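Please read all numbers here as calculations on a predicted model, not as lab measurements. Throughout, protein chains are lettered first and strands after them, A, B, ... in sequence-line order, and every chain is numbered starting at 1.
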Protein chains: 2
Amino acid sequence: MPKSKYEAIYRDLKQKIEEGDFASQELLPSEHSLIQTYGCSRNTVRRAISELVSDGYVQTLQGKGVRNIFRPVAQAAFTIGGIESFKESSQRNHKKGRTRVLQFMELIADEKISLRTGFEKGSELYYLQRLHYLDEKPLILNHNYFLKSAAEGLTPEIAEDSIYEYLENILHMTIVNSQRIMTVEKITQIDEKYLELDANDYNCMAVITSRTYNGDGVMFEFTQSRHRPDYFSFQDNAIRKSPLVRSDF
Amino acid sequence: MPKSKYEAIYRDLKQKIEEGDFASQELLPSEHSLIQTYGCSRNTVRRAISELVSDGYVQTLQGKGVRNIFRPVAQAAFTIGGIESFKESSQRNHKKGRTRVLQFMELIADEKISLRTGFEKGSELYYLQRLHYLDEKPLILNHNYFLKSAAEGLTPEIAEDSIYEYLENILHMTIVNSQRIMTVEKITQIDEKYLELDANDYNCMAVITSRTYNGDGVMFEFTQSRHRPDYFSFQDNAIRKSPLVRSDF
DNA sequence: GCCGATTTGTCCGTATGTATC
DNA sequence: CGATACATACGGACAAATCGG
């Protein structure tokens, strides 16, 4: 259940929009009328609306109202929004997800690993290689590095189910944010083997490199996700800011 | 100059962080002290901070403070964040950008175009093919469709400089948001020719498909941007939300 | 073109809750 | 336990944009 009023309102409106309660281009009820509906203050409905704006569901127009611009993206086989574990996103997309652990080991970060991941040299790490299947098709090959001190007690069994579930529910870690960089890279023999690719067909793939931080401000995860190119799709909603100018202070 | 107080504060803090005024992991001054510094209300500094959170510059920790987690991404040759014209992003990255117009024509959306772009069948459109150079290297091949009624008077000369500048400053359009989907696709002969690629080397590329909306709520642009894989990098900061549950209402 | 009603945008002050130390 | 810090929520004031009469 939602922890806060604004979140409850946000989810309610979001669901209504997804279910088509508002026509495309239609204006949502005004802030004033939402205040009546939900019995809350103006700030609270405004906060809910601003989240819908970030999601690309609505746009606000001063003097007019809040317009529904939601567009269902049917074609996207597998999308990402926010931080999600593979288990969560396969559930959200009503697909059957499965994870196979190819490798599980502990290691100490040497110079090379430290440079690549950003973990300090000498850090104790878990290193995993995992293959994610969606509807029995191997789609993603993950190379995970977890800081051992933050993910203490991780096992292959956990890694087969959901590492995030373990971190959040068992270790009570709060996962905060993730800096991601997406690139296109050549496929390797490992990719070819496990993702059942043919280098004569596609010879590159989508790679998402992410550094994830917890509530203690420590980067506890470095992951490289290698995605089958033909099943990869990444969605995003961008909001225009005015081109930057210098500040006052 | 910033139109609002919170934006001025946001930019000031952002600049200080980028310039290294705060050590990594260091806590920023507390909200209370920022109120003194900027002479404003608590809501106003909170709003500025929340934008920094979206940018992935800081993380807020209840009971502790606001922590600097900014990490300069030196390796990214060309990054995207928010909606930017090619001209703007090359300026931001201090690179020399140039645009070559390969094709410029008007056309009427037929069934096929309508299906692919989302413009209604029969819409009058401008179709452009443009090649973007960064430091004299061709990096991006764009296929742009603009709604003629929204971009009236567009010429190849304008398209060579900056279409967004024309739309915003001359036609006084407000560009609001852009729904983007990123995929990996096979390269075509056109890509090979203009982006100076070799299919024996890389045979795919990064493709960003975007639908952009203006202040009137109409989708005025459909663009497919085809990026050289070896120079492509897309940055993103994701924030963890709790896995979704059903709402109350 | 002006005026007033409506709607969103910015900003303020305050109160209370919750987490950290 | 108290002090500090961020999170949520409320209510109010004024500005700015839109729209209809």
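The distance between atom CD1 of A:I35 and atom C1' of C:dT6, rounded to the nearest whole Å, is 13 Å. The interatomic distance linking B:H32 (NE2) with C:dT14 (P) rounds to 13 Å, in whole Å. Per the geometry, CG belonging to B:L34 stands 15 Å off C1' belonging to D:dT4, to the nearest Å. Rounding to whole angstrom units, CZ of residue B:R46 and P of C:dT10 are separated by 17 Å. What separates NZ of A:K3 from P of C:dA19 is a distance of 11 Å, to the nearest Å. D:dA13 atom P lies 14 Å from atom CG of A:N43, rounded to whole Å. Atoms CG (B:L61) and C1' (C:dC21) sit 14 Å apart, rounded to a whole Å. Rounded to whole Å, atom P of D:dA17 lies 16 Å from atom CD of A:E31.
Both tests pass for B:K14 against the ring of B:Y57: distance under 6.0 Å to the centre and angle within 45° of the axis. At least one cation-pi condition fails for A:K5 and A:Y38: the charged atom is not both under 6.0 angstrom from the six-membered ring centre and inside a 45 degree cone around its axis.
Here the nucleotide nearest the side chain of A:Y6, chosen from D:dT8, C:dG13, D:dC10, is D:dT8. Checking D:dA7, D:dG11, C:dT7 against the side-chain heavy atoms of A:S30 singles out C:dT7 as nearest. Out of C:dG9, D:dC10, D:dT8, the shortest distance to the side chain of A:S4 is found at D:dT8. Comparing D:dA9, C:dT8, D:dC6 by their nearest atom to the side chain of A:K5 picks out D:dA9.
Toward the 5' end of DNA chain D, the nearer of the two residues A:G63 and A:C40, judged by each one's closest nucleotide, is A:C40.
Look at D:dC1: it lacks any Watson-Crick or wobble partner with both distances under 3.5 angstrom.
You'll find a donor-acceptor pair under 3.5 Å spanning the side chain of B:R42 and the base of D:dA7, going by distance alone. Contact of A:Q62 with C:dT7 (side chain to base): no donor-acceptor pair of N or O atoms is detected under 3.5 Å.
Atoms CD1 and CD, on A:I108 and A:E124 in that order, are 4.5 Å from each other to the nearest 0.5 Å. Distance CG/A:N43 to CD/A:E31: 9.5 Å, rounded to 0.5 Å. We find the CG-CG distance between A:N68 and A:L52 to be 9.5 Å, quoted to the nearest 0.5 Å.
Contact annotation: A:T60 does not reach the phosphate of C:dT7 (side-chain N/O to OP1 or OP2, under 4.0 Å). In terms of phosphate contacts, B:R47 brings a side-chain nitrogen or oxygen within less than 4.0 Å of OP1 or OP2 of C:dT10. Residue B:K64 has a polar side-chain atom (N or O) positioned under 4.0 Å from OP1 or OP2 of C:dC21. Considering only side-chain N and O atoms, B:T44 lies nowhere under 4.0 angstrom from the phosphate OP1 or OP2 of C:dT10.
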